[in-house]
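Nothing here was measured: the structure is a model prediction, and the numbers come from that model. Naming convention: chains lettered A, B, ... in sequence-line order (proteins, then strands); numbering from 1 in each chain.
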2 protein chains.
Amino acid sequence: MTESESASVDLEIIVQGAQEGKKLELRLWLRMLSTTKLISQEIRRRLRNEFGATLPQFDLMAQLYREREGLRLGELSKRTMVTNGNVTGLVERLEADGLVLRVTPDGDRRVTVAKLTAKGETSFSAMAAAHEGWLRDMMADVDPAIVSELWRDIGAVKSSVSNHLSGTDFD
Amino acid sequence: MTESESASVDLEIIVQGAQEGKKLELRLWLRMLSTTKLISQEIRRRLRNEFGATLPQFDLMAQLYREREGLRLGELSKRTMVTNGNVTGLVERLEADGLVLRVTPDGDRRVTVAKLTAKGETSFSAMAAAHEGWLRDMMADVDPAIVSELWRDIGAVKSSVSNHLSGTDFD
DNA sequence: GGACGATATTTGAAATGTCAAAGGTTTGGA
DNA sequence: TCCAAACCTTTGACATTTCAAATATCGTCC
């Protein structure tokens with residue numbers, strides 16, 4: 001009994017080891033990373049060519065588009081996963097282009113709230129429509145059922161990662 | 001949890017349809033992107049804290065570690081998915097730290113080959129071992145079968161994206 | 001052997017990114 | 001009241017990133 005069981009286990013180990021070495025998680029990570037880079041670069045190129053915008057600007061405007069009242073810079077920083085200092089510069093440039101407005105509310109003068117201007121909303125909604133289409137095109141060869149499955153399972157990965165962060169996590 | 005499975009599935013579908021409607025690909029992309037950012041930032045932090053290294057440096061050294069003869073900068077650029085100009089600066093800093101060496105082969109003086117020094121190999125192999133462990137830890141809550149499945153299905157995404165890139169096009 | 005196109009890398013400008021430290025502002029006790 | 005801790009944003013020093021233009025070298029065609 002131990003003989004047959006251990007034999008099949010050994011075989012699995014051997015096959016896996018022979019074909020790919022080991023480190024399943026590492027291989028998944030490398031593939032996720034390269035795929036994400038590939039898509040990012042394509043989106044970046046198209047945003048640039050068709051709208052003269054950058055990806056970080058698009059991401060930031062996407063957050064503001066969903067919150068028409070505007071967002072504090074710290075909140076923007078969390079949602080875009082970009083550091084505070086970086087948000088400052090991004091908003092500065094967007095404001096210079098007339099796409100975003102900065103306001104300090106009366107209640108608390110430590111705070112700066114960023115908000116899309118009318119021009120910003122128009123500009124973003126055109127980009128968003130195109131952006132969605134690009135993604136559909138790029139993933140056109142993937143079975144929708146697989147897309148759903150990936151969405152779910154990557155959620156599991158994200159959740160696992162969130163629970164094993166070293167520094168100050170929680171949110 | 002107290003409800004039957006089919007009821008909760010229906011509910012999910014309804015909620016999903018009502019709240020987000022369509023855009024499955026868009027939602028997958030946003031989740032992939034945020035998950036990748038999360039993992040990247042964690043690795044970045046640990047590389048910095050434990051080894052005083054940066055992620056791009058680690059990535060570049062990883063390529064050189066697999067090619068002990070060294071790589072031309074253009075090849076490095078392709079493999080790391082980083083632009084040529086960027087590789088120049090990365091290699092410069094790594095050379096200043098004594099981790100990488102630059103050589104111009106006799107045959108072709110246009111070419112620069114980068115190669116890990118002994119110090120670079122030692123340094124990288126310590127980082128690589130830790131790096132692999134971090135990924136295993138971060139993904140510890142994900143079923144290995146799911147990890148395999150993700151690896152395969154993300155491969156399908158990557159392949160689809162590769163087939164729908166806008167080369168040099170016009171408007 | 002000299003001009004030309006193809007290759008390979010570097011450079012320069014601008015934007016994005018991190019981190020740590022410094023600025024203001026509020027708030028909550030003593 | 002007053003001051004120290006907490007909060008929010010900006011600043012400053014660097015590293016990374018992209019793109020486009022500039023350099024440098026090779027190979028070839030004549």
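B/Ser77 places a side-chain N or O within donor-acceptor distance of the main-chain N or O of B/Val82, the cut-off being under 3.5 Å.
Where A/Lys37 and A/Val113 meet DNA chain D, the nucleotide closest to each residue was compared, and A/Val113 sits on the side nearer the 5' end. In terms of position on DNA chain C, the residue among B/Arg102 and A/Asn86 whose nearest nucleotide sits closer to the 5' end is B/Arg102. Of the two residues contacting DNA chain C, namely A/Leu90 and A/Asp108, the nearest-nucleotide position lying further toward the 5' end is that of A/Leu90.
Residue A/Arg48 contributes atom CZ, which lies 11 Å from atom C1' of C/dA13 at whole-angstrom precision. When the C1' atom of C/dA15 is taken as reference, atom CG of A/Leu60 falls 14 Å away, rounded to whole Å. Atom CZ in A/Arg72 sits about 13 Å away from atom P in D/dT10, given to the nearest Å. Distance CZ (A/Arg109) to P (C/dG23): 18 Å, rounded to an integer number of Å. If you measure from atom CG of B/Asn84 to atom P of D/dA22, you get 17 Å, rounded to the nearest angstrom. Atom-to-atom, CG of A/Leu55 to P of C/dG17 comes out at 8 Å; the value is rounded to the nearest Å. Rounding to whole angstrom units, CZ of residue B/Arg46 and P of C/dT18 are separated by 17 Å. Spacing between atom CZ of B/Arg44 and atom C1' of D/dA15 amounts to 10 Å, rounded to whole angstrom units.
Atom CG in B/Leu28 sits 11.0 Å away from atom CG in B/Leu33 (nearest 0.5 Å). One finds the OG atom of A/Ser148 at 7.5 Å from the CZ atom of B/Arg27 (value rounded to the nearest 0.5 Å).
In this structure, A/Gly85 reaches the bases: a heavy-atom distance under 4.0 Å links it to at least one base atom across the strands shown. Note on A/Val82: only backbone sugar-phosphate atoms sit closer than 4.0 angstrom, heavy atoms only; bases stay farther off. Contacts of B/Thr112 with the nucleic acid, taken as non-hydrogen atoms under 4.0 Å apart, involve only primed sugar atoms and P, OP1 or OP2.
Listed pair A/Thr83 / C/dT18 meets the phosphate criterion, a side-chain N or O lying under 4.0 Å from OP1 or OP2. In this model, the phosphate group of D/dA15 is not approached by any side-chain N or O of B/Gln57 to a distance below 4.0 Å at OP1 or OP2.
No more than 12 heavy atoms of other residues, nucleotides or ligands shown are found within 6.0 angstrom of CZ on A/Arg66.
For the pair A/Thr88/A/Glu92, a side-chain contact is recorded, criterion being any heavy-atom separation below 4.5 Å from C-beta on.
Here the nucleotide nearest the side chain of A/Arg110, chosen from C/dT25, D/dT10, C/dA8, is C/dT25. Taking every side-chain heavy atom of A/Glu92 into account, D/dT11 is the closest of D/dT11, D/dC26, D/dT18.
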